[in-house]
Amino acid sequence: MTLQEDSKSRIELMQGTLDMLVLRTLVLGPAHGHEIAKHIQRTTDDVLQVEHGSLYPALHRLERKGWVASKWEMPKGGKREFKYYRLTPAGKKQLTAEHSKWRRLVASIGRVMEPAREG
Amino acid sequence: MAIRRKLESWLSWFPWYRRREREADLARELREHLALEAQEQRAAGLSADEAGHAAHRALGNVLRIEEDVRSAWGFQWLETPIRDVRYGLRQLRRSPGFTAVAVLTLALGIGANTAVFSLLDAVLLRPLPYSHPNHLFQLFPTQAGHAMTSTSYPDFEDWKEQSRTFQEMAAYEQDDLNVTGTSSPERLRALFSTPGLFGLLGTHPALGREFGAEDGAHVVLLSYGLWQRRYAADPGIIGKSIYLDASAYAVLGVLPPAFYFPPVEYEGGLTAQVFVPAIPNTGRGWNYLRVIGRLAPGATEHEAQTEMNGIAARLAKAYPNPNRGPRIVLGRLPEVAASGMRRTGWILFGAVGFVLLIACVNMANLLLAQGATRENEIAIRNMVGATRLRITRQLLTENLLLAAFGGLLGIVLADWALPVLASAVPENTMFFTRVHDVGVHLDSAVFAFCALAAVFSAILFGVLPAWHATRPAPTTRVTPRKGGMRGALIALEVALSLVLLAGAGLMLRSLIRLMDVDPGFPTQGLMTMDLNLSGNNYASPQEQAAFFDRVLGRLKSLPAVVSAGAVTNLPLTRNDTWNGFEIPGAHARKGVAGYHAASPDYFRTMGIPLLAGRELSNYDAARSPLVGVISRSMARKYWPHQNPIGTSIVIEPVVATATPKGTSIHTERQQLEVVGIVGDVRQLGLDDTPASELYIPYAQWPSEEMSLVVRTKSRPSSLIPMVEKAIWSADPDQPVTEVRTMDEWVAKEAASRRFLLQLIGAFALTALLLATVGIYGVVSYRTRQRTHEIGIRLALGAQKAEVLRMVLRQGILIVGFGLAAGILAAAAMARLIGNFLYGVSPLDPLTYLGAAALLAAVALLASYIPARRAARVDPAVALRSE
């Protein structure tokens, strides 16, 4: 894969969006950083490039804000501990708010971009 | 549990909290991520090595991620400044010479400001020690449109009764009382007040209770200081009696330590030491009480003003009296209390503020020079990606560090200077009273001010150089504009210094002029003291006169005494008793003169010359015809074309009679023959013009309070114990107060001016020093910059003298600009000290020229040294230096 291909087929995420995706991923249950990254990449068929590097600052930022909590845990049948992040009640609330905001944003952008469908 | 979590989340905002744990945690998290990723890559078929590299590539720069996570932890607010401070400290250590000069400069500026602030804080800014002092007002009656200080007892009663806007009112009078018994007799400042005073002020005695209307006249409260000093802080004093003016007063209580009253200047004396009930006088013409009131809740000053004017108008109608106007002036007590000091305070603060400004200008100059030497460092920082804001912040941090050190050293300097400053405060001024009452010390307000001054100066001196140093395109050579700015700063510094020097010069010339004034008699060899015979010991005027006769007789018999006399209201003591008189005849006219009772020997003792007629004599006895001697000014004013000797005037002495309702006061007409004219004296002070004075023999015009003057053969102060002993041999219970030489009175006359001169002079000298350092710094810096050019000039055949002239010309030009601006500024500011000047115009050209010449000379010297160095440059060395 060349660099050019990269920039064509993959979309860079804005910070706020990454936060939302992380929170959304954690709705499914606790996960560690690697899992979160892989999950986002897999569900979007590799379209959304989650910079692993930007994921960790985001996670620590969310923890700072009290939206996620973390704990070192042994996965079932695993041999090593990983740092698992889980959604807090405040995080759930935040996700709901972000989600509806995003929905409104997409709807209004859609109305501008594809007005025919409205009529 | 919840509390612990809360505490922990709060603590986690601090970078040091579990720092190592957090860092290890993050490292482990990233390590695990890399391991997992590598595992997946290997599963996809890569070799162990390749998988590791791929994992690293996918994650990105670990250091940067860690940095980003740390910033997500939110510690940048604290960590960046700490780094800046560390780096700043290293920078300062690297150039110890610069740091020392900078810190010292700032310490001088900040320290002087801190010291002056703590003085002003004590006398002007600290609130009065009463509850809600802003609701307290002093009420002034008016006379012919002018506010007067005092009103009569009946008027006070009417004000109090009729006013609704004032919830309370109290009246007081200040006088002195002799306290006797236990230890040596002493004269105390006494406050005679109506019973409501302490309730009105919201003051509760620290010990015992206050007096009420039912307590009668012979009860007393002691000030805390007096109780500590004279009564050894004995709590058993409550209920005992002390003797004031020979009457027993029961001690009811002791006032709290911080309490003082009145806060308003009263004949320059100290505030009261004993508090006794006021004695009501029934006459409406007898204005002797000062009135203060506390505004009722909800009432406004405007409402109170309207109401009091109405009351005054009604009273003026009901009791027609030419002395009383239909208006009352209200003065907020804190403002009235500060009124006499505010001007002096602001002058001092302004002057010392100039010193700080000059220090800041110097600092800015130093930093500009330093900025030039740091251009490389800043350019490198710029290149590796530091933003201009970032570099500016770093430079400002260094400035703040300098200011902080300067401030700390400034506090030390202020702490050292404060006692000196406080002891320089002249007696008999409100400054002195307040310093005495509240004390001057470094407290939290002073520290806060010092910190503020430090930060303020750091910004003031730092912003311009920092902005300059971080210009986007760094140049290797000093641009002419920058040189211009440094020159402008020096000019500013010179101008500021000139204002201070001119101010000090004007004060100095005033003082010299004042000391040249002839007071009307030779002051050397004279000793003075006050005797007050209040009380029952010498009730009748005859007894009082006899006592003074006896004392004067004993004094004259002392071997070192040439002569001794007595008078009421000594010259230069700022006391006088003004009374009217009438010149009868076809063209009857009225006049006013200062009345004095005097002993026959008074003029001879003082050395006041007899100009015409005769002096007072021992034959002018109580029952012989009333005679008087007048001053030359009085003769010229009221008898411009005649000889006053032998003419009669009518005087109206006040006679007091006791009535059941209090003391009744009225006047009696008496004829007085003018028998002599004596020379003028400066009665109200050296800066006052001679006025009309009338001297009457004390046998005919007795007074219970007189000043004694003793002319001695030896040094007057050495005689004090002997003189006191002679007086106490006549009456052991008689306090002797204000024992001073006449020269001390003269010195006291000049004391407040001398105080201002000392301070402004000290500030001016500091400014001169700073300006010298500044000019020297700039000229030598510029000369160094031009070493190459000078080398070429010398190589091409320029004479050393030419080079010298060239370098000097630069300095002179800058200083010339500064001097011109400074003279204009000084002329504009001189009005502010106009009140303190004597015999010299605020625009006195000699002073301005002198100050300018002094500054120019210093500036010339400061530029001559680097100029001479430049002229001595070896062309070969200079050319090689590039």
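Below, chain A is the first sequence line, B the second, and so on; all start at residue 1. Predicted model, so just to flag it, every value in this text is computed and none were measured.
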query = Does the Asp121(B) side chain pair with the main chain of Phe117(B), one donor and one acceptor, at a distance under 3.5 Å?
reply =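 No, Asp121(B) side chain to Phe117(B) backbone: no donor-acceptor pair under 3.5 Å.
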Flag, side chain of Thr88(A) to backbone of Trp67(A), donor-acceptor distance under 3.5 Å =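 Side chain of Thr88(A) to backbone of Trp67(A), a donor-acceptor pair under 3.5 Å: yes, one is there.
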message = Applying a heavy-atom distance below 4.5 Å, give me the residues of residues 31-40 of chain B that approach chain A, sorted by number.
response =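 Only Glu32(B), His33(B), Ala35(B), Leu36(B), Glu37(B), Gln39(B), Glu40(B) of residues 31-40 of chain B have a heavy atom under 4.5 Å from chain A.
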message = Would Arg80(A) and Trp72(A) count as a cation-pi pair here, with the cationic atom under 6.0 angstrom from the ring centre and within 45° of the axis?
response =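 No, Arg80(A) does not lie over the aromatic ring of Trp72(A).
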Distance-only polar pair, side chains of Thr397(B) and Gln394(B), donor-acceptor under 3.5 Å = no
[X], part contacting chain B, at a heavy-atom distance under 4.5 Å:
X: Glu81(A); answer: both
X: Lys38(A); answer: side chain
X: Tyr56(A); answer: both

request  = Please work out whether the ring planes of Tyr84(A) and Phe82(A) are parallel, tilted or perpendicular, with thresholds of 30° and 60°.
outcome  = perpendicular
Counting neighbours of [atom1] on [X] that are heavy atoms of other residues, nucleotides or ligands and sit closer than 6.0 Å, is the number greater than 12?
X: Arg28(B); atom1: CZ; value: yes
X: Arg24(A); atom1: CZ; value: no
X: Phe456(B); atom1: CZ; value: no

inquiry  = If I measure from the heavy atoms of chain A, does Asn61(B) come under 4.5 Å with its side chain, its backbone, both, or neither?
reply    = neither
